[in-house]
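No experiment lies behind these values; they were computed from the predicted model shown. The chain is numbered in sequence order, starting from 1.
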Amino acid sequence: MNEKFSFGPATGIGSMPDTDAREAAKTVTGTFEGPETGMPHLPELPARGPGADMIGRTAGMLVELYARVEPSGWRIGDRPGRDTKRARSWLGEDLDALEEFTQEYEGPLKVQAVGPWTLASALELKNGEAALSDPGACRDLAGSLAEGLRAHIEDVRRRVPGAEVVLQLDEPSLVAVLRGQVKSASGYRTHRAVDRQVVEATLRDVIGAHGPDGPVVVHSCAPDVPFALLRRAGAAAISFDFSLLTERDDDAIGEAVEAGTRLLAGVVPGTDGPLSDPAGSVMGVRTLWRRLGLNPGLLTDAVSLTPSCGLAGASPAYARAALAHCVRAARSLADNPE
């Protein structure tokens, strides 16, 4: 296990419903108060519109690359326009709110950005095709992202001096990139699969933007998360929708745990619905542990609990309840790992 760093027993994914940055920051920091209860995170509020969405928000972090909104989506442009300025303004607003509610805070604090391959799948070049279609554009994008993330993390450290900053890279399109399933602009064909070694090397470079000791989580709520590839690329933790696991994933998960990789298991639904009792929410985690033959005493050292994905599609009341439920479920797991 990673002895140098504690992720805490629970955390959120990133996005929250509604448009009030202060309310979102208050909810997150009030639910996850630090190492004992969970890791607070910088909320994302995509309901505000373009620039607050995950792609636009990360595009606003890029260095010497800019993007604007077109009818088809976000497109790389030559200069910063109103869409870039709006994305940066909203990020600043969110950071101001987080700073307000983390005075004197000490402990892990998570920030999120879209990873290089999902970004390359979503950002268009001038010809309308995804940046994924051009290896040179992918390299430039990854380099710009790494520079932007360094600056973003430094800003967070200045604002919350007691924070141990955790970087989360959101990669929902990663499996599609590896399998050649990302559609072209016409929709009639797909872009060819990117070589796994290239994918891994690029992720390693962007993960390295957080420095040699900066913990990085890679999140994907898609099926067939490539656990081994992410571990080799340097991810300290892997975040996933627990309900999408199959027994085919067992070996890779077991190897990841034994190598010290933290699992952020999404066990609480991300949209409104009845919540089970806390013990019921972690029943599958205990079952997986038994199936893998792992020591139950290591469970809480290896697993943090999260919603299955972001909470942008939930009601504000459910989002608050879901985050609190993650904390209670983590406590249940710690009290009775078997």
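- Sorted by first and then second residue, the salt bridge (Lys or Arg N to Asp or Glu O under 4.0 Å) pairs involving residues 170-181 (not counting sequence neighbours) are Arg179-Asp224.
- We find that Asp301 and Arg262 are not joined by a salt bridge, their nearest charged nitrogen and carboxylate oxygen being 4.0 Å or further apart.
- Heavy atoms only, all atoms of each residue included: Thr11 and Pro307 are closest at O-CD, 3.4 Å.
- Of the N and O atoms on the side chains of Asp53 and Trp74, at least one donor lies less than 3.5 Å from an acceptor on the other residue.
- Taking a cutoff of 4.0 Å between a charged side-chain nitrogen and a carboxylate oxygen, Asp78 and Lys126 qualify as a salt bridge.
- By the side-chain hydrogen bond (donor to acceptor under 3.5 Å, both in side chains) test, Asp155 is found to be paired with Arg159, residues two or more places apart in sequence or in another chain being considered.
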Given side chain to side chain contact (heavy atoms under 4.5 Å, CB included), test Glu124 with Glu129 step by step and report yes or no. CA-CA 5 Å; Glu124 299 174 355; Glu129 287 294 352; over 6 Å; no
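- In plain terms, the two heavy atoms of Asp83 and Val69 that are nearest each other are OD2-N, 2.8 Å.
- The closest donor-acceptor contact from the side chain of Lys183 to the backbone of His191 lies at 3.5 Å or more, if one exists at all.
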Kindly determine whether Tyr318 and Thr271 satisfy side chain to side chain contact (heavy atoms under 4.5 Å, CB included), including the steps that lead there. CA-CA 8 Å; Tyr318 178 82; Thr271 52; 5.7 Å; no
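- Without hydrogens or angle criteria, Arg204 side chain to Gly234 main chain gives no donor-acceptor distance under 3.5 Å.
- Within the model, atoms OG1 of Thr27 and CE of Met16 stand 5.0 Å from one another, a figure rounded to the nearest 0.5 Å.
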Residue pair Phe240, Asp249: steps toward the side chain to side chain contact (heavy atoms under 4.5 Å, CB included) verdict: CA-CA 12 Å; Phe240 54 94; Asp249 297 307; over 6 Å; no
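- Atom CZ of Arg189 sits in a crowded spot, with more than 12 heavy atoms from other residues, nucleotides or ligands closer than 6.0 Å.
- Side-chain contact between Leu333 and Arg286: present, with at least one pair of heavy atoms (C-beta onward) separated by less than 4.5 Å.
- Within 6.0 Å of CD on Glu70 lie more than 12 heavy atoms contributed by other residues, nucleotides or ligands.
- Put simply, the residue from Val206, Leu141, Leu132 that forms a side-chain contact (heavy atoms from CB on, under 4.5 Å) with Leu119 is Leu141.
- Side chain of Ser144 to backbone of Asp140: no donor-acceptor contact under 3.5 angstrom is found.
- Lys26 and Glu23 are not joined by a salt bridge, as no carboxylate oxygen comes within less than 4.0 angstrom of a charged side-chain nitrogen.
- For CZ of Arg290, the number of neighbouring non-hydrogen atoms (other residues, nucleotides, ligands) closer than 6.0 Å is greater than 12.
- A donor-acceptor contact shorter than 3.5 Å is absent between the side chain of Asp18 and the backbone of Asp20.
- Atom CD of Glu200 and atom OG1 of Thr202 lie 10.0 Å apart (nearest 0.5 Å).
- Within a 6.0 Å sphere centred on CD of Glu36, heavy atoms belonging to other residues, nucleotides or ligands number 12 at most.
- Annotation: Gln197, atom CD; neighbour count of heavy atoms from other residues, nucleotides and ligands within 6.0 Å does not exceed 12.
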Just do the side chain to side chain contact (heavy atoms under 4.5 Å, CB included) check on Ser173 and Gln181 with the steps written out, would you? CA-CA 9 Å; Ser173 299; Gln181 295 172 339; over 6 Å; no
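- No more than 12 heavy atoms of other residues, nucleotides or ligands lie within 6.0 Å of CZ in Arg82, so this atom counts as exposed by the packing criterion.
- No hydrogens or angles considered: a donor-acceptor pair under 3.5 Å links the side chains of Ser281 and His325.
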